[in-house]
Amino acid sequence: MTTPAGSGTGFGSVSWWGLSPALDLQAESPPVDPDSQAETERRIPDLDVLLLGSVDGRHLLRTLARASRWPPRNFNFYVLESNLEAVARHMLVFSLAFEEPEKMGLQERSEIFLEVWGNALLRPPVAAFVRSQAERLAHLVPEPDRLAEQLPWLSLGALKFRERDALEAVFRFWAGGDKGPEAFPISRLWDLRVRHYLGSRYDARRGVSDWDLHMKLHDRGGQVIHTREFRRWRDTGVAFELRDSSSYHLPNRTLASGRLLSHRGERVAARGYWGDIATGPFVAFGIEADDQSLLRTSNGRPVKSAGEITQHNVTELFQEVAAWRRPRDAQRDPEQAQQGEDAAFAQRSFTVHFLSLNSAQTLQHKSCYKGRFQLLYVACGMVHLLSPELGACVAPGGRLTVELARYLVDLRQEQLQAFSVRVGELAQEAGFAALSGARSSETFARFCKSGDSSPGNIDRAVGSQTPSTGVLVWPSEVLSPPLESMAPPPETMTPPPEAMVTPPEAMVPPPEDLTQHIGGLAPHSEYLKQPSESQGSPLEVLAPPQEALAMPPVGQTPKQKS
């Protein structure tokens, strides 16, 4: 069995890291209107941003780090994810970013972030940090008062009670270090995913890795990704090797997620790794840099690797984000609040609001969300949720930024072009038009609310790099599947809590049967009351040819032919 090229199975069904460089969301949003009420009352204006599938908080961190370069604004980030594990990772990353400097230095914070964020295996000190933070967050989630006191930037008020219970269960699993690596055998799960992905090409996986890197990622802007680090990640899941290789042997439980699978006619909850095994976490912070000396070449080859650039960018990011601790210091001792720029900075605030799963189509029914957001960001795995209902949540003159599938190495060039065209169609149906004068990009498509754009300022093309629809002669029924075929119904992946509590013998079939039916994934024994949903794949928007649609769901192994 060979996985067809362009099948998209390497993308996975759960996204753990971004497949595009981090953005400054203030640069993406419309400028502040000088005649606005906030300016008239001489108070700091708000920036309300809705993000679908941002998964790793990179855009939020970069926006906070760049805030000092813009006029003062208060940030309200509304984050909607497809699974609660992504919400938990958001909370872990932000608690790490705002760790007190007396407890943890800047370099240590940066290294822990890189390993937790992009490595399947951890060093013992990093695993111990994850356990301690998970135990702390597990105690805070069910206690809103303590949560507001210790994490004032976090709001879980929009989550349902069962989602909070499931979020607490995620942290409990992360903190359960006494059960050992067998609770989440990531090395075996990783190898099984790679075997299914490559099929008969598994024995030539190093050649496949080199081909994907040099013929795809390098051509699409990732020239700084080194062969050695990319090959190591493809083989072991370790992207950032900051210490001796032998010290990475404990599983990174933050990469585990639950999923409902069919076994012998019954729905079985299983825990496994369903994330990306094709591109890697190098794109988010590793292929661009403000310091251009990091990107210089010698004899036609980059001097720095993507891992080194990532470490430099993350360290610089955390150093700038640390300034957001000043508001708390100023509140404790107002007399010591600094004057000038620091005092103005201390008046700013930001809050991260996590929205309920599957709420994208119902936000407009709440008056507090309708027409509220100045910016809507949609990741490539969530494009199928872009609809007129979601567009109604964007304020007049608001912007839309959509992540394209440029760095999905598993997709052919014609699929990437068709995806860009389909994004333009969905945006137009949602009430947006391509932003006139926006810088051309193959990574992001930018739009504005068309109702507030004069006809002369509307550019119907997605970008200068995107061909017109007529060039891509995909049948209309292929490019426009019904909505129900693009995303699984909520009840399929989100049953009531009582439906999730099945006897252990029903959830743990014999190992050989489990391997045959669900790709050898570790059984879900006492994990979530509500397993996570699939994030979705760009192929759901593209609706590829039938031979690709006939592929089994990501992570499942088809029955071998005798």
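All heavy atoms count here, side chains included; hydrogens, waters and symmetry mates do not. All values reported here derive from a predicted model rather than from experimental measurement.
- A salt bridge links E28 with R446: at least one charged nitrogen is closer than 4.0 Å to a carboxylate oxygen.
- W70 and D24 are linked by a side-chain donor-acceptor pair at a separation below 3.5 angstrom, with hydrogens and angles left out of the test.
- Nearest heavy-atom pair, M382 versus G53, reported as atom, atom and distance to 0.1 Å: CG-CA, 3.8 Å.
- Between the R62 side chain and the L317 main chain, no donor and acceptor come within less than 3.5 Å of each other.
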Do S387 and Q361 pass the side-chain hydrogen bond (donor to acceptor under 3.5 Å, both in side chains) test, and can you show the C-alpha distance, the side-chain angles, and the key distance before you say yes or no?
CA-CA 8 Å; S387 63; Q361 307 302 329; 2.7 Å; yes

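- We find that D410 and K216 are not joined by a salt bridge, their nearest charged nitrogen and carboxylate oxygen being 4.0 Å or further apart.
- For the side chain to side chain contact (heavy atoms under 4.5 Å, CB included) test, residues two or more places apart in sequence or in another chain that qualify with A134 are F171, W174, A175.
- Listed here is the closest heavy atom pair of E85 and A256: CG-O, 3.4 Å.
- The side chain to side chain contact (heavy atoms under 4.5 Å, CB included) search around V49 returns L25, L47, L51, F77, L375, not counting sequence neighbours.
- The cationic atom of R399 (NZ for Lys, CZ for Arg) does not lie both less than 6.0 Å from the six-membered ring centre of Y377 and within 45° of the ring axis.
- The aromatic rings of Y78 and H353 lie parallel to each other, their planes meeting at an angle below 30°, with 60° marking the opposite boundary.
- Side-chain N or O atoms of N83 include one that pairs as donor or acceptor with a backbone N or O of A86 at under 3.5 Å.
- A salt bridge links D48 to R372: one of the charged nitrogens lies within less than 4.0 Å of a carboxylate oxygen.
- Smallest separation of non-hydrogen atoms from V79 and E81: CG1-OE2, 3.5 Å.
- Of the residues listed (E288, R406, E403), the one engaging T443 in a side-chain hydrogen bond (donor to acceptor under 3.5 Å, both in side chains) is R406, and it is the only one.
- No donor-acceptor distance shorter than 3.5 angstrom exists from the side chain of W17 to the backbone of D56, with no hydrogens or angles considered.
- Because its NZ or CZ atom is not both nearer than 6.0 Å to the ring centre of F184 and within 45° of the ring axis, R271 does not count as a cation-pi partner of that residue.
- Using a 4.0 Å cut-off between a side-chain N of Lys or Arg and a carboxylate O of Asp or Glu, E168 and R164 do not qualify as a salt bridge.
- Shown here for A306 and E229, the closest heavy-atom pair between the two residues is N-OE2, 3.0 Å.
- Side-chain atoms of Q428 do not come within 3.5 Å of backbone N or O of A433 as any donor-acceptor pair.
- Between the side chain of D276 and the main chain of G12, no donor-acceptor pair closer than 3.5 Å is present.
- There is a side-chain donor-acceptor pair under 3.5 Å between R58 and S20.
- Ionic pairing of R109 and E99 is not present here: no N-O contact between side-chain nitrogen and carboxylate oxygen is shorter than 4.0 angstrom.
- Looking at N252, its side chain never comes within 3.5 Å of a backbone N or O of L122 through a donor-acceptor pair.
- For the pair R422 and F419, the cation-pi criterion (under 6.0 Å, within 45° of the ring axis) is not fulfilled.
- With hydrogens and angles ignored, the 3.5 Å screen pairs no side-chain donor or acceptor of S359 with any backbone N or O of L355.
- A salt bridge links D290 with R66: the closest approach of a Lys/Arg side-chain nitrogen to an acidic carboxylate oxygen falls below 4.0 angstrom.
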